[in-house]
Amino acid sequence: MQENDQEHFKRELGLLDGTMLVVGSMIGSGIFIVSADIARQVGSAGWLTLIWLLSGFITVVAAVSYGELSAMFPKAGGQYVYLKEAYNKLIAFLYGWSFFAVIQTGTIAAVGVAFSKFAAYLYEPLSDENILYELGAFKLNAAQLVSILTIIILTFINSRGVKNGKILQTVLTIIKILSLLGLVVFGLTLAAKASIWDANWADGWSTRTFDKESGSWLPISGTALISGISAAMVGSLFSSDAWNGVTFIAGEIKNPKRNVGLSLFLGTFIVTSLYVVTNLMYLAVVPFDEIATAKFDRVAVVASDYIFGNIGALIIAIMIMISTFACNNGLIMAGARVYYTMAKDGLFFKKAAVLNSSSVPAWALWAQCIWASALCLTGKYGDLLDFVIIIVLIFYILTIYGIFILRKKMPDAERPYKAFGYPFLPMLYIVVASAICISLLITKFSTCGWGVLIMLTGIPVYYLTKPSE
């Protein structure tokens, strides 16, 4: 892609906007929910905290490694561009294909559904139990309509120009950070009890798993522990994902060689810190068994009941609605830029390469909106998320390995920023993420296998649609 392809984009986003996009895209509903599943998988306070720390650490390592690539290629398209430059068009296409088919659209759908779940907390008829239409096995419920409506509204706002999306993103993300911090502060000052904290840490490093059938804890070790840890990390890694969205909109960031990498580091560091202190607050307020058995996994609701009493659930519902709305705004804004860049390379629908009068790829935004809305209707978003994570990790591994390839391939290229801790930290990420992928394929083949299959179906599609060189 030539540099002049980028000229139509307006560089209207500064360092604060970039950082808020990273933070806003990362914090969805995960931090309020997934600690319950992690607690059931690993069975103790120490392991719960360690899983969040480990996920946060490898996320920050990945983000600072991406800094080198974002400074070398400060263009729209981000990860897609890095894969194309390091490998070839096929690998880049497989990423873009997976990104449109599952990764971005599946995440947008799931976050939209999370929004509607908590909207039903405020107004019961919006729940997924309110069936509006039935045709055979297909059931249309109110929650699906709410999630689709939020996706349409956010797509419309973003189609009117990057400035609107940016203002909404920054304001909502600041509200989100302050409300999460507020929850932690109120939790630690109003509801924390030394007796609960001490009890939770009394056997803080024992490894157990919760058996739902019998409602009791079973000790685990060896392979069962390894599979428990990798299953637990799916949730925490998902809650820490979507940080790379800022690389997709590099064409609209001021001074991208500096600001994209810095946004990546600041954003992932802020979120990791917030996640760890939120979990420490849970452990200071809620007995461990209640974290593991929280109704619908809503740990934050249980904690909020301890902190604020009856009004607690309402406070959390509003927080999660703001959180998921901002999260989807960031995902929708960033995703369309990947399809735009692919279309410029002749690897996606031509219309996706057209910018509208507001200098945004509106056709790409609406195509993404339609497919994400269709995924909302399947009701299979839970499965989608399960197998998205393996594709996400495979492409993160390939992209970070791309740093090693590009150091050899383009030794003299300008690198305004170099990967922190190279080669040790990027290689550590590759090893840890590969171990998680292998473990997931072994323990969750039924869902992860589908993820890999969807990715591989892109190979024949590439050769059938590839323009003649």
Are any side-chain N or O atoms of [X] and backbone N or O atoms of [Y], one a donor and one an acceptor, separated by less than 3.5 Å?
X	Y	answer
T341	R337	yes
S116	A143	yes
Y275	S55	no
W371	A101	yes
D297	A36	no
R11	A250	yes
N88	I91	yes
W363	K350	no
K163	E12	no
R298	A294	no

Rounded to the nearest 0.5 Å, how far does [atom2] of [Y] lie from [atom1] of [X]?
X	Y	atom1	atom2	result
I315	S304	CD1	OG	5.0 Å
Y463	F93	OH	CZ	11.0 Å
L347	Y80	CG	OH	4.0 Å
L440	I389	CG	CD1	8.0 Å
S236	L50	OG	CG	10.0 Å
N279	L274	CG	CG	11.0 Å

Problem set entry | Salt bridge K257-E414, side-chain N to carboxylate O under 4.0 Å |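 Yes.
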For this session: May I ask you to decide whether D345 forms a salt bridge with K89, counting only side-chain N to carboxylate O separations under 4.0 Å?
Result: no
Exercise. side-chain contact (heavy atoms from CB on, under 4.5 Å) between K254 and D17: does it pass, once the steps are laid out?
Worked result: CA-CA 10 Å; K254 299 167 191 166; D17 304 312; 5.6 Å; no
If you look at every heavy atom in [X] and [Y], which pair is closest and at what distance?
X	Y	result
I151	C376	CD1-SG, 3.7 Å
M26	A242	CG-C, 4.4 Å
L331	T107	CD1-CG2, 3.8 Å
I403	A419	CD1-CB, 4.4 Å
V338	G77	CG2-O, 4.1 Å
A109	L375	CB-CB, 3.8 Å

When you compare the side chain of [Y] with that of [X], does any pair of heavy atoms fall below 4.5 Å?
X	Y	value
F57	L53	no
L69	L406	yes
I229	Q41	no
Y66	W243	yes
T399	N244	no
L283	L48	yes
T247	L264	yes
L314	Y121	no

For this session: Run the numbers on W366 and F156 for side-chain contact (heavy atoms from CB on, under 4.5 Å), then give the verdict.
Result: CA-CA 8 Å; W366 287 110; F156 176 75; 4.1 Å; yes
Exercise. Under 6.0 Å between ring centres, would you say that holds for F349 and F100?
Worked result: no
Report, as yes or no, whether the 6.0 Å neighbourhood of atom [atom1] on [X] holds more than 12 heavy atoms from other residues, nucleotides or ligands.
X	atom1	value
K409	NZ	yes
I311	CD1	no
F269	CZ	no

Exercise. Which class fits the ring pair Y422 and F404: parallel under 30°, tilted 30 to 60°, perpendicular over 60°?
Worked result: tilted
Exercise. What orientation do F115 and F325 show, parallel under 30°, tilted 30 to 60°, or perpendicular over 60°?
Worked result: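 Tilted.
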For this session: Give me the one residue out of N259, V162, L21 that meets side chain to side chain contact (heavy atoms under 4.5 Å, CB included) with I253.
Result: N259
Exercise. Do S239 and W52 pass the side-chain hydrogen bond (donor to acceptor under 3.5 Å, both in side chains) test, and can you show the C-alpha distance, the side-chain angles, and the key distance before you say yes or no?
Worked result: CA-CA 10 Å; S239 306; W52 281 103; over 6 Å; no
For this session: Report the C-alpha distance between Y340 and F9 in whole Å, list the side-chain angles of each, state the deciding distance to 0.1 Å, and finish with yes or no for side-chain contact (heavy atoms from CB on, under 4.5 Å).
Result: CA-CA 11 Å; Y340 166 86; F9 279 127; 3.4 Å; yes
For this session: Output every pair passing side chain to side chain donor-acceptor pair (under 3.5 Å) with a member in residues 324-335, not counting sequence neighbours, ordered by first then second residue.
Result: N158-N329, Q169-N329
Seminar exercise, completed: ring-ring contact (aromatic ring centres under 6.0 Å, His included) test vs F395 passes for just one of Y95, F99, Y87, Y82, namely Y95
For this session: Carefully, step by step, assess I436 and I58 under the rule side-chain contact (heavy atoms from CB on, under 4.5 Å).
Result: CA-CA 12 Å; I436 295 167; I58 65 171; 4.2 Å; yes
